[in-house]
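Hydrogens, waters and symmetry mates are skipped; everything else that's a heavy atom, side chains included, is used.
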Amino acid sequence: MLIFNSLPAIRRAALVVLTATICSTAGQALSADVSFVMRNEHPNAVEVELYSQDRKHVWPGGNQVYYLDDGESKQIHLSCQQGENICYGAWVSGDKQTYWGTGPNNKETCEDCCYVCEGGETEEINLVE
């Protein structure tokens with residue numbers, strides 16, 4: 001049995017720091033960064049949100065959206081949890097009936113609109129008429 005007080009002070013301090021580090025990171029998910037590359041090829045402006053499929057999280061959040069004018073391209077950088085599944089929802093600004101991906105509020109199903117958070121960037125996602 002290790003007697004904590006018998007260790008030299010420097011080793012006790014190192015042991016405390018190591019134990020605290022292990023305990024604080026044990027329950028946390030690893031984070032990563034990913035960039036969604038979006039291009040609006042619709043004649044009207046579009047609004048975009050990104051939705052985690054693994055937890056209740058939306059980017060940009062706070063009742064905000066990413067806004068792309070017609071013809072605009074944008075890289076949307078976000079921090080996410082390693083391995084997290086993220087889908088995009090986009091719609092014509094002022095017309096939530098015309099949408100791509102999971103649409104407004106992540107309410108629709110989609111094919112090929114989700115990406116796994118592994119770092120890097122998506123291929124260019126073209127929002128066309």
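Asp70 places none of its side-chain heavy atoms less than 4.5 Å from the side chain of Asn44.
Atom NZ of Lys107 and atom NZ of Lys96 lie 8.5 Å apart (nearest 0.5 Å). Rounding to the nearest 0.5 Å places OG of Ser31 at 10.5 Å from CD of Glu84. Taken from OH in Tyr51 to NE2 in His57, the straight-line distance is 12.5 Å, to the nearest 0.5 Å.
The other residues sharing a hydrophobic cluster with Trp100 are Val34, Phe36, Met38, Val46, Val48, Leu50, Trp59, Tyr66, Leu68, Ile76, Leu78, Ile86, Tyr88, Val92, Tyr115, Ile125, Leu127, where clustering joins ILVMFWY side chains under 4.5 Å apart. In this structure, Val116 shares a hydrophobic cluster with no other residue, the cluster being traced through Ile, Leu, Val, Met, Phe, Trp and Tyr side chains under 4.5 angstrom apart.
Considering every non-hydrogen atom in both Ala45 and Tyr67, the closest pair reads CB-OH, 3.1 Å. Contact detail for Gly71 and Arg39: the closest heavy-atom pair is O-NH1, 3.0 Å.
Scored by the salt bridge (Lys or Arg N to Asp or Glu O under 4.0 Å) test, Glu47 finds no partners at all (sequence neighbours excluded). For Asp33, the side-chain hydrogen bond (donor to acceptor under 3.5 Å, both in side chains) partners at least two apart in sequence or on another chain are Ser79.
The main-chain N or O of Glu72 is never found under 3.5 Å from a side-chain atom of Asn40 such that the two would form a donor-acceptor pair.
For residues 120-129, there are no salt bridge (Lys or Arg N to Asp or Glu O under 4.0 Å) pairs, not counting sequence neighbours. Here disulfide (SG to SG under 2.5 Å) pairs that include residues 40-94, with residues two or more places apart or in two chains, are Cys80-Cys117, Cys87-Cys114.
Looking only at atom types and distance, the side chain of Thr102 has no donor-acceptor partner in the side chain of Glu108 under 3.5 Å away.
Just one residue in the list Thr98, Val65, Asn105 forms a side chain to side chain contact (heavy atoms under 4.5 Å, CB included) with Trp91, and that residue is Val65.
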